[in-house]
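These figures come from a predicted structure and were not determined experimentally. Whatever order the structure lists them in is the order used to number ligands and atoms, beginning at 1. Just so it is clear, the values below take in all heavy atoms, side chains as well, and ignore hydrogens, waters and symmetry mates.
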Amino acid sequence: MARVVRFLAVLVVGLGLLAWGGFRIISHTTQAWFEKDLTLRAQLAVNGARWALAARWASEDAAAIRDILAEITRDERIMAAAACTADARSLAATSEYPGQFSCRELGRRVRPNAAAPPDQWRTVGFDAEITGGNVHISVVPLAGDEGVLGFVVLVHDRAFIDRREAKVQELILIAFLILAASASLITVVAARLFWKGWTREIRSFLRGGPQRREFQPILRDVRELIERISAERALEGEGGAWTPRRLVQTLTEHLHGEKVIVLANREPYIHERGPDGALRVVHPASGLVTAIEPIMRACGGVWVAHGGGSADHDTVDREGRIRVPPGEESYALRRVWLSAAEEQGYYYGFSNEGLWPLCHIADTRPLFRREDWAHYQAVNQKFADAVCRETESDDPIVLVQDYHFALAPGMIRQRLPRATIISFWHIPWPNSERFGICPWREELLQGMLGSSIIGFHTQFHCNNFLDAIDRYLEARIDREQIAVTHQRHSTRVRAYPISIEWPNRWLADLPSAEECRREVFRELNLPPQTLLGVGVDRLDYTKGVEERLGAVEQLLERHPEFHGRFTFVQLAAPSRTLIERYRQLNDNVERLAARINQRFASGSYRPLVLLRAHHEPPTVFRYYRAADVCYVSSLHDGMNLVAKEFVAAREDLRGVLVLSHFAGASRELTEALIVNPYDMEESSAALAAALRMPVEEQQERLRAMRSLVAAFNVYRWAGRMLLDAARLRSKDRLFGRLSDASGRDLAGTR
Ligand code: ADQ
């Protein structure tokens, strides 16, 4: 109510000011007109009497001149008149002439300047006040045969002008009101008619009836709104929890049970043959696999990946397929074979020496080689072809994973224009200046824009991506829809923060935290009062393992009370060891661990345990459960699932997570102790605080983080992407129908 009153008050004041301003202008203009009119009249009157006046001027016949002046004042609007000589003496004046306007004073007015001779004099006019009212004075030079003789003064009645002015203003006001009333009336009638048609169209649209073309943009907005609301409802739905069942339901209801094809470089199950010839299945240490595998278990479909295991060939059928997971077969793994040269160029070279350091701010220079690029293109084409062979319809749902396949979306789109391609970029996206380092930046962006949706972990990375498009491609960016249109194809860009499965399958058969702790302590030969810290990573320079060990060293330096009591165990899965920078990292970490042990070891006490090997998930989870503190010190990380796994593992609500500010996970797990891993002071202090943290505080922090990871689990991550894909598909189908009906390509105008 107060708002309405405020609005009306502002409206009234605004209109008042407008009207006042309008009147000022009108009155000014009419006044100027009237004054001009008076001057003209005065000149006419004097000119009309000019010969008669001139004849009497030389003899200075005052009586005759007065008679002529009296004749002039017969005009009802001229009240009085006077005649003055060139040297400003009074010759004659009518009886009503007001004495206050002397010839001397008026003589000064007709001269443009003091020295101006009479032939330069000009007619002047001005308003004045006399007893009895306002007047207008005109002073008109009188010309004879021998030049200017003097001037005539005419006194006009201003009351007449004021009356006329008021009348004009009144008429203008009436015209204005009539105009405003007609305009309002027309607007109201038009709006009513339009509203009526509009609402009728919406009602008919909701009932599924025919739609008129001119209403299609409005109906499209309404449709989008309805879809968004229903998708949000489906997403947050009853019960709220996202489970494998709910994900499958979503797929069935919204995507008609469509088969999902995942394209990822890493395979979820690697078959290795040991030295004894026995076959072994390995779960790779990969955040991507951790996240996608539960989705495939739930939804079925095909996972297309590089077959890199030593026994991978021996376990597949002729098409390179094998049903997985072993013993619980629910989806197909389709292996693609790469030659050593292809793997070197595409995987180690372009992907991991080029794109990986390009996208991570961790002080390692990206290396771009032309031959790597050629392999990257060829291998992307090879995988894209494999995906197309796995499809059963012309509009499959394809989930393209990560930076290994920036070109594949465009290649798949070329063969299957109606496919729904969701690309997810698991690592950060750099700012556009850094991205510009890549010599094939345009090609990468074009390839990615073959996707229907491109996902990143954070909005920040989405924005960086849009900036890169803006800078390097001729494309239209719609910042409201967050979409890019390039060569008539539209791609949505969205943030989908990835997560882990909840409940976690690896926890189901795991012993209690106490038992895990006992087992780990036995394995590491630790005394029971030991405080245990743990780090779990692929050995990658972006994970900040060197910085982490530095923080442990400083903790022991600054806090002697932890000597002999604190042990940090680092599980480090060797990764990309063919690359020089990774070999260096390996050596550095080993050297650092040795130095710390040398400095602080005593008796059987070793402050640092480096377990440089791949560990199967049950072992990893056992360490999470055994630890007092888990330190994730990434220098730059898209998300980091280790942090979320630690939170999931701590059903006992014990333990503290110390988490790098530079991991995407720090945006969600705000109850962790968030640190800058480059700052040794801060991170070692955080480790000390974690080791001293009261149990109640540990419980409180973990409770909050656990409820977040439970609600925002990986099923929700996939569910949101699939719902968005479903919306796009129905929209595409609708547009397809509309364009068929109208013979126009509407899809291209989106
Ligand atoms: P990654 O860089 O692989 O993933 P991350 O998210 O930390 O990183 O996941 C690592 C996974 O490997 C975890 O599941 C962990 O348990 C496992 N792991 C780590 N060390 C291991 C070891 N020594 N032995 C066995 N398993 C180990 C990329 C991005 C991340 C993003 C994920 C998912 O770099 O930022 O979170 O994708 O999108």
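For Tyr496 and Trp717, the distance between ring centers is not under 6.0 angstrom. Aromatic ring centres of His457 and Phe424 lie closer together than 6.0 Å. When ring centroids are compared, Tyr403 and Trp356 come within the 6.0 Å threshold.
Protein heavy atom in closest approach to atom 37 (O) of ligand 1: His426 CB, 3.6 Å. Distance from atom 36 (O) of ligand 1 to its nearest protein heavy atom, with residue and atom name: Asn640 N, 2.8 Å. The protein heavy-atom contact nearest to atom 24 (N) of ligand 1 is His615 N, 3.0 Å. In terms of protein heavy-atom proximity, atom 3 (O) of ligand 1 is nearest to Gly287 N, 3.0 Å. The protein non-hydrogen atom at the shortest distance from atom 7 (O) of ligand 1 is Lys543 NZ, 3.4 Å. In terms of protein heavy-atom proximity, atom 30 (C) of ligand 1 is closest to Asp637 OD1, 3.4 Å. At the top of the distance list for atom 22 (C) of ligand 1, counting protein heavy atoms only, stands Ala573 CB, 3.5 Å. In terms of protein heavy-atom proximity, atom 15 (C) of ligand 1 is closest to Glu645 OE1, 3.5 Å.
Of all atoms in ligand 1, listed by their number and element, those nearer than 4.0 Å to a heavy atom of Leu641 are 5 (P), 6 (O), 7 (O), 33 (C), 36 (O). Of all atoms in ligand 1, numbered sequentially from 1 with element shown, those under 4.0 Å from a heavy atom of Thr290 are 11 (C), 13 (C), 14 (O). Close contacts between ligand 1 and Gly638 involve ligand atoms 35 (O) [criterion: under 4.0 Å to a heavy atom]. Of all atoms in ligand 1, listed by their number and element, those nearer than 4.0 Å to a heavy atom of His457 are 31 (C), 38 (O). Listed by atom number, the atoms of ligand 1 under 4.0 Å from Trp356 heavy atoms are 34 (O). Short contacts between ligand 1 and Tyr624, defined as distances under 4.0 Å to a heavy atom of the residue, involve ligand atoms 16 (O). The Ala572 neighbourhood of ligand 1 comprises atoms 23 (N), with distances under 4.0 Å to a heavy atom of that residue. Within the listing of ligand 1, atoms 23 (N) sit less than 4.0 angstrom from a heavy atom of Leu571.
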Side chain to side chain donor-acceptor pair (under 3.5 Å) between Tyr582 and Asn352, worked out: CA-CA 10 Å; Tyr582 285 79; Asn352 286 317; 5.3 Å; no
Pair Arg591-Asn588, side chain to side chain donor-acceptor pair (under 3.5 Å): steps then yes or no: CA-CA 5 Å; Arg591 233 191 342 263; Asn588 289 352; 2.7 Å; yes
Working for side chain to side chain contact (heavy atoms under 4.5 Å, CB included), residues Glu342 and Trp337: CA-CA 9 Å; Glu342 281 173 331; Trp337 315 113; over 6 Å; no
Full working for side chain to side chain donor-acceptor pair (under 3.5 Å) between Tyr269 and Glu293: CA-CA 10 Å; Tyr269 298 95; Glu293 217 268 334; 2.6 Å; yes
Derivation of the side chain to side chain donor-acceptor pair (under 3.5 Å) call for Thr364 and Arg581: CA-CA 8 Å; Thr364 293; Arg581 176 69 183 91; 3.1 Å; yes
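Proximity of Val520 to Tyr623: side-chain heavy atoms (C-beta onward) are separated by under 4.5 Å at one or more points.
At a 3.5 angstrom cut-off on N or O pairs, Met639 counts as close to ligand 1.
For the pair Leu526 and Leu532, the tightest heavy-atom approach, listed with the atom from each and the gap, is CD1-CD1, 3.9 Å.
With 3.5 Å as the limit, one finds no donor-acceptor pair spanning the side chains of His615 and Arg622.
With Asp637 as the partner, the side chain to side chain donor-acceptor pair (under 3.5 Å) test is satisfied by one option alone out of His360, Lys543, His426: Lys543.
Put simply, no part of His283 is less than 4.0 Å from ligand 1, judged by heavy atoms. Residue Ala613 places a heavy atom under 4.0 Å from ligand 1.
For the residues Arg266, His360, Arg538, the heavy atom positioned nearest atom 2 (O) of ligand 1 is part of Arg538. Comparing Ala285, Ser575, Ala663, Ala665 by heavy-atom distance to atom 21 (C) of ligand 1, the nearest is Ala285.
In this pair, Phe456 and Trp425 present their aromatic rings tilted. The plane angle is within the 30 to 60° band.
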